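Worksheet: the structure to be examined is printed underneath.
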2 protein chains.
Amino acid sequence: MSSVGSRHRSLRDETVDEIRRLILDGELAPGERLSELSMSERLGVSRLPVREAFRRLEAEGLVEALPRRGVRVVELDQHELDTVREMRVALELIAVRRTIMKADPQVRATLRDLLEKGNAASAAGDRETLDAINDQFHDVLGEGSGSRFLCEVLRSVRNQAHHLVGGKSNAVEPSWSEHAAIITATLDEDEELAMMLMRRHLTQRHANQGGLHRSQA
Amino acid sequence: MSSVGSRHRSLRDETVDEIRRLILDGELAPGERLSELSMSERLGVSRLPVREAFRRLEAEGLVEALPRRGVRVVELDQHELDTVREMRVALELIAVRRTIMKADPQVRATLRDLLEKGNAASAAGDRETLDAINDQFHDVLGEGSGSRFLCEVLRSVRNQAHHLVGGKSNAVEPSWSEHAAIITATLDEDEELAMMLMRRHLTQRHANQGGLHRSQA
DNA sequence: CATCGGGATGGTGTATCCAATCTATGGGTG
DNA sequence: CACCCATAGATTGGATACACCATCCCGATG
């Protein structure tokens, strides 16, 4: 069943993940042009995996192809960013609703586990663990929706939303308390509440752009 | 500005478009496995453009990679299809709303032109022209939203929605009268009406799956 | 100072080559 | 006769080399 091949992560997948990380971490700046050769040298792989990775990231909207001139890390203007955020709200709402509708035991167990661990890490003030758990939160809801396509698109949309704008970070400090409330509502199968919390979770915070979000316990 | 290179469509883009067309037209059936070699021979190109095309289509959700075994045309189950439809409604609504908000003169002119030509083709019973215009309809609204990312994602979502399910076509006869009403509402900047019509346009028709939709004038 | 031209750079596409691995065929064994 | 395993062939994954051409840079020239 689980053959060697399906366990093996191909070099191109690693390459995709690594370049994606470089972009999202801002090590590759928006607008920066990437050449196959320099990227292949930087990552220590041949040009071929890099080329395939570029195609993939192009489809994800993280880079754009410049004919005969390689690719460039995309820059988002404010309008584009607003649109992406709106897309994200719409799709996250669909995801959480479908997760509740499906009520998959496996997913519910994962959510319970996440809730427990998150509460523990939060109480212990273990920020590192909490960050990891916060990252997992949306992923689980995406997968819980039962649609691979929705999950993939959501991932792209989130990456866009976290993408740097004009060189400055656009990421907001995730709030565990909000995540915890959404998980609880989801486990309670309270569709209306879960969606309401999710909407607020995603919209509320952009009014005071750049403000501090560590005020939660 | 418009150099030779930017006019030139790369072979890999042609390859992507061709394979995508083969899938959407059902010439490559859902579940069918595709090999790089046979596809490259079929299209008369080398393996490399095909490989890049596979990565691209993988990101679009039209094929899925089987490690060490190439790719397979994705099959959608009913739940996946329902989810895709829901995603589409949400995103098309965002697109039409943003198109109205932007009120780009260029886009408005294109819409007016589309409306006029569509009405003429409809009156003349020129179904071929009308089909082409119907195809353009959603594209224009996607681009009119002013977000490249939204436009791209919408294209993928539409492709998913048109994808074959269980071997039988899933496409519905587009209704020009509905499109015309949406365009008119958009040009009138009647946001509420346009969104309402769009929602109905996309949802109404799937209750009596397989029914006739040519009843409109 | 502007423009033209040519070389350097780098993306695109093809052709090979090789390793890893999946699939299938076929033979052996209980 | 059915099942299991091994070997062989086919295919993907990856690297490399090369041809081609568009773009870019820079210096020479008007």
Side-chain angles (χ1 to χ4, degrees), chain A residues 1-20 22-23 28-75, chain B residues 1-23 28-29 31-75:
Chain A
M1 191 71 5
S2 166
S3 63
V4 179
S6 38
R7 272 195 307 272
H8 178 259
R9 275 184 61 73
S10 66
L11 193 51
R12 76 159 166 262
D13 288 346
E14 306 266 12
T15 304
V16 170
D17 286 347
E18 184 59 13
I19 299 179
R20 188 194 290 120
L22 289 173
I23 293 175
L28 298 174
E32 185 172 346
R33 271 183 52 187
L34 311 178
S35 91
E36 294 175 5
L37 186 59
S38 59
M39 191 55 63
S40 69
E41 285 169 352
R42 178 168 183 170
L43 301 183
V45 299
S46 77
R47 291 172 55 186
L48 204 141
V50 174
R51 275 167 84 156
E52 294 185 284
F54 279 179
R55 299 308 140 237
R56 170 85 201 201
L57 295 170
E58 195 185 330
E60 287 184 19
L62 285 177
V63 304
E64 56 190 332
L66 309 173
R68 293 276 167 192
R69 280 180 300 156
V71 301
R72 173 173 58 191
V73 181
V74 296
E75 283 180 289
Chain B
M1 197 63 11
S2 166
S3 60
V4 179
S6 39
R7 276 193 304 272
H8 178 260
R9 274 183 61 72
S10 67
L11 192 51
R12 75 159 166 262
D13 288 346
E14 306 266 12
T15 305
V16 170
D17 287 346
E18 183 60 13
I19 299 179
R20 188 193 289 120
R21 191 191 64 75
L22 288 173
I23 293 175
L28 298 173
E32 185 171 348
R33 272 184 52 188
L34 311 179
S35 93
E36 295 175 4
L37 186 60
S38 60
M39 191 55 62
S40 69
E41 284 169 352
R42 178 168 182 170
L43 302 183
V45 298
S46 73
R47 279 174 61 194
L48 200 139
V50 173
R51 274 165 83 157
E52 294 185 283
F54 279 179
R55 302 288 86 74
R56 169 87 202 200
L57 295 170
E58 194 185 330
E60 288 185 18
L62 285 176
V63 304
E64 57 190 330
L66 309 172
R68 295 276 168 192
R69 281 181 299 157
V71 301
R72 174 174 56 193
V73 182
V74 297
E75 284 179 289

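Order of the sequence lines sets the chain letters (A, B, ...), proteins ahead of strands, with each chain counted from 1. Because the structure is predicted, anything quoted here is derived from the model rather than measured.
Applying the side-chain hydrogen bond (donor to acceptor under 3.5 Å, both in side chains) test to B:Ser10 and every residue at least two apart in sequence or in another chain returns B:Asp13. For B:Arg72, the salt bridge (Lys or Arg N to Asp or Glu O under 4.0 Å) test picks out B:Glu64, with sequence neighbours left out. Applying the salt bridge (Lys or Arg N to Asp or Glu O under 4.0 Å) rule to B:Glu14 yields the partners B:Arg9; only residues at least two apart in sequence or on another chain are considered. Contacts of B:Glu18 classified as side chain to side chain contact (heavy atoms under 4.5 Å, CB included), with partners at least two apart in sequence or in another chain: B:Arg21, B:Leu22, B:Leu43. By the side chain to side chain contact (heavy atoms under 4.5 Å, CB included) test, A:Arg20 pairs with A:Val16, A:Asp17, A:Leu24, A:Leu57, A:Glu60, A:Leu62, A:Asn159, sequence neighbours left out. For B:Ser38, the side chain to side chain contact (heavy atoms under 4.5 Å, CB included) criterion is met by B:Ser35, not counting sequence neighbours.
The A:Leu11 side chain lies nearest to D:dG14 when the options are C:dG13, C:dG11, D:dG14. For A:Ser10, the listed nucleotide lying nearest its side chain is D:dG14; candidates were D:dT11, C:dG11, D:dG14. Side chain of A:Ser46, nearest nucleotide from C:dT12, D:dT16, C:dT14: D:dT16.
To the nearest 0.5 Å, atoms CE (B:Met39) and OG1 (B:Thr15) are separated by 10.0 Å.
Following rounding to the nearest Å, A:Arg12 (CZ) and D:dA15 (C1') show an atom-to-atom distance of 15 Å.
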Give each protein N/O atom lying under 3.5 Å from an N/O atom of nucleotides 18-20 of chain D, with the pair distance.
none

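Listed pair A:Arg69 / D:dC24 meets the phosphate criterion, a side-chain N or O lying under 4.0 Å from OP1 or OP2. In this model, the phosphate group of C:dT12 is approached by a side-chain N or O of A:Arg55 to a distance below 4.0 Å at OP1 or OP2.
Contacts classified as side chain to side chain donor-acceptor pair (under 3.5 Å) and involving residues 42-53 of chain A (residues at least two apart or in different chains) are given here: A:Glu36-A:Arg47, A:Glu52-B:Arg55.
Heavy atoms of A:Arg51 sit under 4.0 angstrom from at least one base atom.
Of the residues in residues 58-65 of chain A, none has a non-hydrogen atom less than 4.0 angstrom from any atom of DNA chain D.
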